[in-house]
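Read through the structure below, which is laid out as C-alpha cells, and then see the notes.
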Amino acid sequence: MSPTSSSPDSNAAASAGPVTRFAPSPSGHLHVGGARTALFCWAFARGRGGKFLLRIEDTDQKRSSDAASVGFLKDLDWLGIDWNEGPEFTRPDGTIVGGGPHGPYFQSERLDIYNRYIDQLVREGKAYFAFDTPEELDAKRKAATAAKLAYRYDRAALKLSPAEVEANLKAGKPAVVRCKVPAGAITIHDLILGDATLPDGEVDDFVIRKVDGFPTYHFAVVVDDELMQVTHVLRAQEHFTNTAKHMVLQDALGFRRPTYGHLPIISNPDGSKMSKRDKDKALRAAVQAKGLTAPPTGTVAQERWTKWLGDKNVQLDFDDALRLAEALDVTLPEINVDDFKRSGYLPEVVCNFLALNGWSPGENVEKFDTAFLQQRFDLPRVQKTAAKFDRMKLLAFNCDAITGMDRERYVKLVREHGERYHPEFLQRLTADQFRMLADASHERSKTLEDLYKGNRWVVIADDKLAWEDSKNVRKAMLDGSPRGVDRLRELQPSLNAVGAWLAADIEAVVKGYADQHCEGQIGKVAQPLRVAVTGGTVSPPIFDTLAILGKASAMKRIERCLSTMA
RNA sequence: GGCCCUAUCGUCUAGCCCGGUCUAGGACACCUCCCUUUCACGGAGGUAACAGGGGUUCGAAUCCCCUUAGGGUCACCA
C-alpha cells in the first residue's frame with residue numbers, strides 16, 4: 001500500500017472551515033514575532049469556524065533537547081491563544097489544552113511516518129541517496145561564491161550507479177536523501193504577496209533526510225501539513241522562497257496544496273531583526289559606557305563575565321541578565337512575550353498591538369480585542385512590508401487600558417503582578433497600605449510594574465531613606481527664603497497634632513499652613529514634604545503618600561530629613 | 001553576487017485592487033498652550049509623508065516602465 005493512499009480522510013477538512021497551524025521549533029520563550037504569527041493563525045481559523053493547531057518542529061537534534069523546550073506554551077496561554085490540537089498543556093487553572101487525533105505533535109516522534117514517505121520517493125526515483133561530505137559541499141559552495149555564482153547542488157550523487165549506491169549504503173557510509181527537483185519554473189501563489197515565479201534551476205536538489213536520520217524542516221512540514229489536514233499556511237516571510245520546495249514535495253508525494261500567506265517581519269526601530277541577543281547587546285553597551293572591567297558584585301560570576309565579554313555570541317542566562325541590568329540601571333529591551341509580562345503589559349494589549357503590526361482593520365480603528373480580530377482578520381489587509389516595533393505606542397496602549405479599567409480589576413491585577421515579581425515589596429505592606437498605594441497609583445500607571453518601580457520609598461526602612469542629591473531636591477529644600485526645610489520645621493508641630501492620619505485630615509492641616517504662610521501656594525510645602533518622606537521629588541499625591549506611610553513613619557522621616565539637610 | 005519581494009508623516013498605518021470626493025485621514029512620538037502639590041493623566045492646537053525619474057490619461061498616492069533604497073532567501077537551521 002502506498003503511504004499516499006493511507007493519508008487519513010483528506011477531504012473531510014474542506015467542509016469544516018480552515019485549519020491553520022503554528023509550528024515553532026522548541027523554545028522556553030515565545031518571541032513576539034512568533035506570537036504574532038500564532039495570533040494571526042489562530043484568529044484566521046477560529047474566526048471562520050476552523051481549527052488552530054500547534055506542532056513542535058524539533059527535527060534539529062542539536063537544538064532541541066531539554067525539558068523546558070516547550071516553555072513557550074505558557075506564553076501562548078497567557079495571550080489567550082488556545083489550540084484545538086497539539087502538545088498537551090495544563091493551564092494555571094488546571095484545565096488542559098491540546099491533544100488531538102493527528103498526533104504525535106512533536107516531529108521527533110514522527111520519524112517512522114517521514115521515513116515511509118521518504119522510502120516511497122526513493123523507490124519512485126523522486127529522491128536519491130547522496131554521500132557527499134559536508135566538507136566537499138562546503139568547498140563547492142566556497143568555489144561558487146568565489147566565482148560569483150549562486151551555489152546549486154551539482155547532483156554528483158546522481159551519477160552513482162545503483163550498485164555503487166547499494167555498496168555505499170551497505171558499507172555504512174553516511175548518507176542523506178535529496179529530493180530530485182524536476183526542471184521548470186515554479187510559481188508560488190500567496191494570498192498576501194501575490195504570485196511570484198522562480199525561474200528554472202532556482203530550486204536545487206535539497207536534502208530531505210539528514211545523516212542522522214531526521215527529516216529536514218522542508219520534508220517534515222509538508223508531510224505534517226498534509227496529515228494534519230492543514231488548509232492554510234500562514235508563516236513568516238522568511239519562508240517565502242521555501243514554499244517552492246514544499247510545492248515540489250507536495251507534487252512528488254501527490255498531496256493537495258494548502259493555501260499560503262507569508263507575513264511580514266517585525267523588526268527593531270533601527271531596522272535590525274528583533275533578536276534575543278538584543279538584550280546582551282544592550283547590556284554590553286552599558287558595560288562599555290560605564291567602563292566596567294569587573295562584574296558588579298552579586299550579578300554575574302567572574303568566569304562567566306569574562307567569557308561573555310570576550311565573545312559576542314555568548315548570551316547571559318535570564319537571571320544573570322536581569323541582575324546585571326538592575327545593577328547597571330539599564331532597561332532590557334522586551335523581546336519575548338514573557339518579557340512584556342514581566343514589564344507589566346496586559347495580554348490583551350500585547351495581542352492588540354501585535355495585530356496592528358502588519359495588519360489593520362481600516363476605518364481608523366486600532367483599539368480592538370481578540371474577538372474582533374477573529375471576526376475581521378483577513379489576508380488581503382495584511383501588510384507586505386516589515387513593521388518596526390514601536391514600544392512607545394505599545395506603552396501608550398497599555399496606559400490607556402490600565403487607566404481605563406475599573407479600580408477593582410486594577411487592584412487585582414497589580415497585586416498578582418507583585419506576587420509574581422515583587423513578593424518582597426508586598427511583604428512590607430499591610431493590606432490597607434497596599435490598597436491605598438494601589439488607589440493612588442492606578443491613574444498614573446502605564447504598566448503593572450509602575451507601582452513597584454516608582455514607589456521604592458514605601459519599602460525602605462525609615463532610617464535607611466536617603467535623599468537624592470539633585471537640582472530638584474535642592475530647589476525644593478534649600479533654595480529661596482524661607483527655604484523648604486524652614487517651612488517643614490514650621491509645619492512639623494501641626495502635622496504632629498493631626499489625630500486621625502487620613503489623607504483628608506493631613507490635607508486640611510497642610511492647606512491651612514499654606515494659606516497662612518505661602519499665600520495659598522501649596523506646592524511650597526508639598527514638595528519639601530515629599531522630598532522629606534520619599535527621598536525624591538516624584539510620588540503619588542503627597543497626602544496619599546503620607547497616609548500610606550502612616551504617621552509614625554512619616555514623622556520620623558521628616559525629623560531625620562530636617563536634621564540631615566537643614 | 002543570483003533569485004524573489006517591497007516602497008504613504010520619525011514610527012504603526014488609512015487611502016491604492018474599482019484613477020477625480022486626497023490642498024493625503026487616524027494613532028504613537030515630537031513641539032506649543034491649558035490643567036496641576038511632584039510625576040503622570042487629561043484638554044486645545046501645531047510641525048510632519050505619497051523615494052526619484054519617465055510614461056498612460058483631461059486628470060495618478062492610486063495603472064505601466066526604469067532607477068534608487070530596503071527586506072527575504074540561496075544549510076544535513078527552522
Side-chain angles (χ1 to χ4, degrees), chain A residues 23-26 57-60 62-64 130 132-134 137-138 141 144-145 147-152 174-178 188 190 193-194 196-199 201-204 206-212 214-218 220-221 235-242 244 262 264-265 267 269 271 273 353 356-367 380-381 383-397 399-400 403 441-446 450 454 472 476 507 510-511 514 521-527 529-531 534 536-543 545:
Chain A
S25 41
E57 314 238 309
D58 55 349
T59 54
D60 184 354
K62 285 187 282 297
R63 284 213 255 173
S64 36
D132 318 74
T133 66
L137 293 175
D138 231 40
R141 232 187 309 269
T145 312
K148 295 203 170 198
L149 287 161
Y151 170 77
R152 297 284 118 90
V176 301
V177 176
R178 283 180 183 269
I188 301 168
D190 185 292
L193 261 14
T197 301
L198 268 37
E202 198 47 39
V203 178
D204 68 356
F206 55 98
V207 173
I208 57 177
R209 186 168 66 199
K210 302 178 256 186
V211 149
D212 66 4
F214 277 60
T216 57
Y217 160 74
H218 304 298
V221 115
R235 46 154 57 148
Q237 232 166 64
E238 62 202 71
H239 287 298
F240 185 64
T241 34
N242 285 337
H262 287 91
I265 306 282
S267 66
K273 200 171 165 185
F353 188 69
L356 232 35
N357 274 254
W359 181 80
S360 101
E363 297 159 7
N364 290 339
V365 175
E366 54 178 8
K367 296 281 181 66
R381 293 193 71 90
Q383 208 71 19
K384 294 181 168 115
T385 52
K388 289 176 183 158
F389 195 81
D390 181 0
R391 288 193 176 72
M392 292 305 275
K393 186 158 176 170
L394 205 216
L395 226 210
F397 273 35
C399 176
D400 290 347
T403 55
S441 301
H442 184 187
E443 65 176 11
R444 73 195 71 257
S445 283
K446 296 188 173 189
D450 288 0
N472 285 343
E507 181 169 0
V510 175
K511 279 232 167 91
Q521 291 178 279
I522 202 157
K524 292 267 194 250
V525 265
Q527 269 315 73
L529 258 176
R530 193 188 313 278
V531 170
T534 70
T537 55
V538 178
S539 85
I542 186 59
F543 308 116
T545 300

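Because the structure is predicted, anything quoted here is derived from the model rather than measured. Order of the sequence lines fixes the chain letters, A, B, ..., with proteins taken first and strands second; residue numbering starts at 1 for each chain.
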*Nearest heavy-atom neighbours spanning R444(A) and P541(A)*: NH2-CD, 3.1 Å
*Which of the following nucleotides, G2(B), A40(B), C76(B), is nearest to the side chain of V211(A)?*
C76(B)
*asked:* Under 4.0 Å, heavy atoms only, any strand: does S360(A) hit a base, just the sugar-phosphate, or nothing?
replied: sugar-phosphate
_If you compare all heavy atoms of F397(A) against all heavy atoms of E366(A), which two are closest, and at what distance to 0.1 Å?_
CE2-O, 3.7 Å
*Does E443(A) offer a backbone N or O that forms a donor-acceptor pair with the side chain of T403(A) under 3.5 Å?*
no
*Write down the atom of D204(A), the atom of Y151(A), and the distance for their closest heavy-atom approach.*
OD2-O, 4.4 Å
Hey, what are the protein-to-nucleotides 35-37 of chain B N/O distances that come in under 3.5 Å?
residue	atom	partner	partner atom	Å
U37(B)	O2	R530(A)	NH2	2.7

*OP1 or OP2 of C41(B) less than 4.0 angstrom from a side-chain nitrogen or oxygen of K446(A), does that happen here?*
yes
*Does a side-chain heavy-atom distance below 4.5 Å link H218(A) with I208(A)?*
no
*asked:* When the C1' atoms of G20(B) and U56(B) are compared, how many Å lie between them, rounded to an integer?
replied: 16 Å
*When rounded to the nearest Å, what value does the distance between C1' atoms of C35(B) and G42(B) take?*
8 Å
*Hey, does the side chain of R152(A) come within less than 4.0 Å of U73(B)'s phosphate (OP1/OP2), counting only N and O?*
no
*Nearest to the side chain of A150(A), which nucleotide is it out of A14(B), G2(B), U38(B)?*
G2(B)
*Has the side chain of S445(A) got a donor or acceptor atom that lies under 3.5 Å from a matching backbone atom of D450(A)?*
no
*asked:* Categorize V207(A) for me: base, sugar-phosphate, or nothing, with a 4.0 angstrom heavy-atom threshold over every strand shown.
replied: sugar-phosphate
*P atoms of A48(B) and U57(B), separation to the nearest Å*: 35 Å
*Is the side chain of K210(A) donor-acceptor paired with the backbone N or O of T59(A) at a distance under 3.5 Å, no angle test?*
yes
*asked:* Applying a 4.0 Å non-hydrogen cut-off, can you work out what H239(A) is touching in the nucleic acid: base, sugar-phosphate, or nothing?
replied: base
*May I ask you to say what S267(A) touches in the nucleic acid, namely base, sugar-phosphate or nothing, with a heavy-atom cut-off under 4.0 Å?*
nothing
_Sugar-phosphate, base or nothing in reach of D204(A), heavy atoms under 4.0 Å_ = nothing
*At under 4.0 Å between heavy atoms, what does G454(A) touch on the DNA or RNA strands: base, sugar-phosphate, or nothing?*
nothing
_Nearest-nucleotide pick for E202(A), side chain only, options being A40(B), A75(B), G2(B)_ = G2(B)
*C12(B), G72(B), C76(B): which one has an atom nearest the side-chain heavy atoms of E238(A)?*
G72(B)
_P gap between U23(B) and C65(B), integer Å_ = 27 Å
_Over all strands shown, is R391(A) touching base, sugar-phosphate only, or nothing at heavy-atom distances under 4.0 angstrom?_
nothing
*asked:* Taking the C1' atom in each of A44(B) and G59(B), what is the distance between them to the nearest angstrom?
replied: 38 Å
_Proximity to the side chain of P134(A) - top-ranked nucleotide from C4(B), U38(B), C76(B)_ = C76(B)
*Distance, C1' atom - from G71(B) to A51(B), rounded to whole angstrom*: 16 Å
*Side-chain donor-acceptor contact under 3.5 Å, T534(A) with S539(A)*: no
*Describe the nucleic acid contact of P199(A) in one word from base, sugar-phosphate, nothing, applying a heavy-atom distance below 4.0 Å.*
sugar-phosphate
Every protein N/O within reach of nucleotides 21-28 of chain B N/O, cut-off under 3.5 Å:
residue	atom	partner	partner atom	Å
G25(B)	N2	N364(A)	OD1	3.2
A27(B)	O4'	E366(A)	OE2	2.8
A27(B)	O2'	E366(A)	OE2	2.5
A27(B)	N3	K393(A)	NZ	2.9
C28(B)	O2'	K393(A)	N	3.2

*May I ask you to evaluate whether T385(A) reaches the phosphate of G71(B), defined as a side-chain N or O under 4.0 Å from OP1 or OP2?*
no
*So what does T403(A) hit on the nucleic acid, given a heavy-atom distance under 4.0 Å: a base, only sugar-phosphate, or nothing?*
nothing
*Ignoring hydrogens and geometry, is there a side-chain-to-backbone donor-acceptor pair from T145(A) to R141(A) under 3.5 Å?*
yes
*Rounded to whole angstrom, note down the P distance from C63(B) over to G2(B).*
28 Å
*Of the nucleotides U38(B), A78(B), C3(B), which one has an atom closest to the side chain of L198(A)?*
C3(B)
*Quick one: label Q521(A) by what it contacts on the DNA or RNA (base, sugar-phosphate, nothing), any heavy atom closer than 4.0 Å.*
nothing
*Sticking with atom C1', work out how far U21(B) lies from A60(B), rounded to a whole angstrom.*
15 Å
*Would you say a side-chain N or O of R141(A) is under 4.0 Å from OP1 or OP2 of C74(B)?*
no
*Could you tell me whether D212(A) contacts a base, only the sugar-phosphate backbone, or nothing, with contacts defined as non-hydrogen atoms closer than 4.0 Å?*
nothing
*Using a cut-off of strictly less than 4.0 Å, decide whether Q237(A) has a side-chain nitrogen or oxygen near OP1 or OP2 of U6(B).*
no
*Smallest separation among heavy atoms of F389(A) and N357(A), with atom names*: CA-OD1, 4.0 Å
